[in-house]
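So you know, we letter chains A, B, ... as the sequences are listed, proteins then strands, and number each from 1.
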2 protein chains.
Amino acid sequence: MTTINDVAHAAGVSPATVSRVLNGGRVTAERAERVRRAAAELGFAPNRVARSLRMRRSSLVGLIIPDIGNPFFTALARGVEDAAQRTSFSVVLCNTDGNLDKERRYLDIAIAERMAGVIVAAASRSRTDVSALQSRGIPVVAVDRRPRGASVDAVLVDDEEGGAAATAHLLARGYRRVACITGPQGTSTAEERLAGYRRALQEFLDDGPGAPAGEADLLRDYIRHADFKVEGGHAAMADLLALPRRPDAVFAANNLMAVGVLQAVREAGLEPPEIGVLSFGEVPWAALVQPGLTTVQVPSYDLGRTAAGLLLDRIAGTEQPLRTVVLRSSLQIGRTTAGPRSGMARRMSGKQQTPAEDPR
Amino acid sequence: MTTINDVAHAAGVSPATVSRVLNGGRVTAERAERVRRAAAELGFAPNRVARSLRMRRSSLVGLIIPDIGNPFFTALARGVEDAAQRTSFSVVLCNTDGNLDKERRYLDIAIAERMAGVIVAAASRSRTDVSALQSRGIPVVAVDRRPRGASVDAVLVDDEEGGAAATAHLLARGYRRVACITGPQGTSTAEERLAGYRRALQEFLDDGPGAPAGEADLLRDYIRHADFKVEGGHAAMADLLALPRRPDAVFAANNLMAVGVLQAVREAGLEPPEIGVLSFGEVPWAALVQPGLTTVQVPSYDLGRTAAGLLLDRIAGTEQPLRTVVLRSSLQIGRTTAGPRSGMARRMSGKQQTPAEDPR
DNA sequence: GTGAAAGCGCTAACAA
DNA sequence: TTGTTAGCGCTTTCAC
C-alpha cells in the first residue's frame, strides 16, 4: 500500500509537502505538479484512518434513524446526503428499528470511530441519551424528534400545529366523531401531533355551536397509541371500527399507519370520504393506494438538509447559541376528507357543509 | 479524552495489558478485574481509529446499494445488518441512486477508510469497477447483481429461472399477448429476467399447440426497458396499452415498476385479471395496492444475510475458491393472473383454461 | 503473564 | 515556501 512517504520520495519532496498539496497548503505550482504526478503514477489513495487519528476526528458523519423502511426517513437521509456531498464529510447511515439497544450501540460506535458529528432521530424522547457524545465534544443535531432535556440543536416539524390543522379540517368538513391514531408514547412527534388533535377538538367545542352533552368525553375514547408502522395502524383502526359508536373520521399521525388505516377501512367495507381519512406525512405511492388522500405534507428532505447544515456549522466550530429550527408542514386537501355525506347525494344537492376554511 | 495509557496508569499495569484485557489476551483474573474497574471509572471508550490504523484495517463494512427507497434493498440491508450484529464489525450503508459517480465515490471512501470489506449491488454490470478494492486486498462480495468480469464472490437470485417461471405461468393461465417490462440495459437482473421471459415464450411456441403465424414476431414488440422505478413502469405500461393490439398480460421485472404498471392499468380502466399482472419481487403494502398480486418472491433478507456471511469469511482470511451462491425465488400465485376470461363469465361456466401447473 | 518499545500513516508546530 | 520532528492511541513483537 503506497503511503504519503512513497509519494514524497518519488517526487523528491518531503511528506509534509505532499500533505500540503493534498490539503491545499501553500506549495509552488511546479512542486505541486510533481507531487500530483507521482501520486497518480503510484495510485496513491490517502489513508483517512491515519488522518483521522492525527486530527483526532474522522470525516464520517453519523445519521441515526429509527426506520429505514419508512420513506419519510429515506427522504430525510437523501437530504443529509446531498448536503454532505458538497463537503469532505461522508455520511454513514444507521438504522435502529426504533430499538434502544441498537441505537445505543450506534451511538457508541460514533464515539469509538471519533465521528465528526451525529444527526439523530431519537428512538425515545426520554431514554435516548446523547450526553456521552456531547461530553466528548461530538456535535449532535436532533431531527424530527427532540430528545427530552438534551441541549442539542434541533430541526423539527410543527407537529402540534400540523395535528391541529388536520383535525380542524376534519371537523370543518362535517365529521363529528374524529379519531386519532398516534405513535408510541414517549416520542415527541406522537405526543405533539396528539396535542394538536386535542387542541383542535377543544377549540371546536369551545367555539362551535353547542355540541351534544357528553361529546367531549366520547371523543376521548377515540385516541389510540400505535407503533408508527402499517400493522399498528391497521390494528388500531380495526379496533376503532369495532366500537359501538364508531368514528366517522380518523387522523393517522404518520404515513405508514395511514396505510394500515386505509387497509382496515377497506376491509370494513367502507370507502372514504364516507369515513374521513387523513395522514400526517406523505404516503408512498399514495396515488395508487388511495387516490386523493388528504395529507399533512412534511418537508422530509429539507429536514435532512437543514440538519446537515446545522451539524456542519457546529463541526466547523462556529460559536453559536443552541438553535431549534421548526419547518412548517402544510395541509394538502384531497378527496378522502370531502365530508361524511359528500357522495352521490351531496353531489346532487350541492355543497352543504364545507365552510370556508384556511388550509394553513 | 481518556486513553488506554490513562487506564493502564490507573490500574497500575502497562498499556499492553489493558489492550490484552480488551481484546481477550491472556491476563491473570485479578489484574484483568483491576483494569476493567479502572476503565469503567474513567469512562474509557477505546479509540477505534487508532486501532484501525495499527491493524491496517477498520472494523467497518460497506454496503453499497442503488436505491434506498426500494424495500427490496432495505430488506437486504437488514439481512446484512443482522449478520454483522453478531460480530465486531459495523455496517455503513451507502446509497448510490444508481449513479455511477456516487458509487465510485463510495468505493473510494471504502478504500480511504480501509474498510474491512464491501458488499455491493452494482449500479452497472459493465461499468462498476471494484478492482481497485481488490488490488488493495479489500474483500468484495457482489449481491443481487454481478459486475461483469469481476472475480468476486456473489450472492444472486435465479433471475432467469424466475423470469421464465413467471412468463410460463401467464401463458399457462391463457394469456397470449404477454409483455415484459424489464430494467435498464446493463444490469444483470434486468437482462436475466428478460432472458427468462424470452426462453419461456420460445418454449411455449415450440411445444405448444401451433400458434398463429406471426405470433412470435408480435411478441417481440412487447418488450420494454424501463428504470426499475415506479414512474418508469408506469410510462412503459401506458406505452404498451396504447398499442393497436395491446398485451393481455404483463410481467414487470421488479417490484416498483409493478406499482407503476398497476397504476397505468387502473388509469386505462382495466382490472386484473382481465389483464394479467405479475411482479418480480414483493410489492410493499401489496395487499392494499392490489390484493392478490401474483409475485415472484425474492428472498431479499437472506440475500443480505448470505452476502454478509461470505464477506465475513473472506475477512477472516479463510482461503477459499471464488463462490457464487444462487438463492431460489418462488412464484406466489394470486388473483391478478387468474386468466383473461376468469371474471364473472368464467366463474359461471366453470374452469376452462387453467391447466395443471407447477408453481416451481 | 507482563512490560518496553516500535510503528501504523498522517498533520502541524517549528525552524530554516 | 519547505523540511524536520513529534505524536495522535492503539497492537504487537520481543525479551524477561
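Checking the phosphate oxygens (OP1, OP2) of dG9(C), no side-chain nitrogen or oxygen of N5(A) falls inside 4.0 Å. Put simply, R26(A) has a side-chain N or O that comes within less than 4.0 Å of OP1 or OP2 on dT1(D). Applying the 4.0 Å criterion to OP1 and OP2 of dC8(C), one finds that R56(B) has every side-chain N and O outside that range. For dT2(D), neither phosphate oxygen OP1 nor OP2 lies less than 4.0 angstrom from any side-chain nitrogen or oxygen of R34(A). For dC10(D), neither phosphate oxygen OP1 nor OP2 lies less than 4.0 angstrom from any side-chain nitrogen or oxygen of S52(B). For the pair R31(A) and dT2(D), the criterion of a side-chain N or O lying under 4.0 Å from OP1 or OP2 is met. At dT2(C), none of the side-chain N or O atoms of R20(B) fall inside 4.0 Å of OP1 or OP2 (strictly under the cut-off). At dT2(D), none of the side-chain N or O atoms of S14(A) fall inside 4.0 Å of OP1 or OP2 (strictly under the cut-off).
Look at CD on E113(A): it is 13 Å from P on dC10(D), rounded to the nearest Å. A straight line from NE2 of H9(A) to P of dG9(C) spans 16 Å, rounded to a whole angstrom. Rounding to whole angstrom units, CZ of residue R57(B) and P of dC10(D) are separated by 19 Å. One can place CG of L22(B) at 15 Å from C1' of dT12(D), the figure rounded to the nearest angstrom. Regarding M55(B), its CE atom lies at a distance of 11 Å from the P atom of dT13(D), rounded to whole Å. Atom P of nucleotide dG9(C) and atom CE of M1(A) are separated by 9 Å, given to the nearest angstrom. In this structure, CG of N23(B) is placed 10 Å from P of dC10(D), rounded to the nearest angstrom. As rounded to whole Å, 11 Å separates atom P of dC8(C) from atom CG of D6(A).
Minimum atom distance to the side chain of T17(B) is reached by dT2(C), of the listed dT2(C), dT11(D), dC10(C). Side-chain atoms of L53(A) lie closest to dC8(D) of the nucleotides dC8(D), dT2(C), dA12(C). Looking at the side chain of T3(A), the nearest of the listed nucleotides dT2(C), dG9(D), dC10(C) is dC10(C). For I4(A), whose side chain is taken as the heavy atoms from C-beta onward, the closest listed nucleotide among dC10(C), dC10(D), dT2(D) is dC10(C). Side chain of N47(A), nearest nucleotide from dC10(C), dT2(D), dG9(D): dC10(C). Relative to the side chain of F44(A), the nucleotides dC8(D), dC14(D), dC10(C) differ in distance, and dC10(C) lies closest.
Using a 4.0 Å cut-off between a side-chain N of Lys or Arg and a carboxylate O of Asp or Glu, D97(A) and K102(A) qualify as a salt bridge. Under 4.0 Å is where a charged nitrogen must lie from a carboxylate oxygen, and between D313(B) and R323(B) at least one such pair does.
With 3.5 Å as the limit, one finds no donor-acceptor pair spanning the side chains of R57(A) and S52(A). The closest side-chain donor-acceptor pair between Y106(A) and N95(A), if any, does not fall under 3.5 angstrom.
Within a 6.0 Å sphere centred on CZ of R148(B), other residues, nucleotides and ligands contribute more than 12 heavy atoms. The environment of Q320(A) atom CD is dense: over 12 non-hydrogen atoms of other residues, nucleotides or ligands sit within 6.0 angstrom. Few gaps surround CZ on R136(A); more than 12 heavy atoms of other groups in view lie less than 6.0 Å from it.
Remark: the backbone N or O of N47(B) is not paired with any side-chain donor or acceptor of E113(A) at under 3.5 angstrom. A side-chain donor-acceptor contact under 3.5 Å links S188(A) to the backbone of R146(A).
When heavy atoms are screened at a 4.0 angstrom cut-off, V13(A) is found touching the sugar-phosphate backbone but no base atom.
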Listing time: all N or O pairs from protein to nucleotides 5-7 of chain D that are below 3.5 Å?
from   : atom 1 : to     : atom 2 : distance (Å)
dG7(D) : N2     : R54(A) : NH1    : 3.3

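Along DNA chain C, the nucleotide nearest to G12(B) and the one nearest to V18(A) differ in position, and the one closer to the 5' end is contacted by G12(B).
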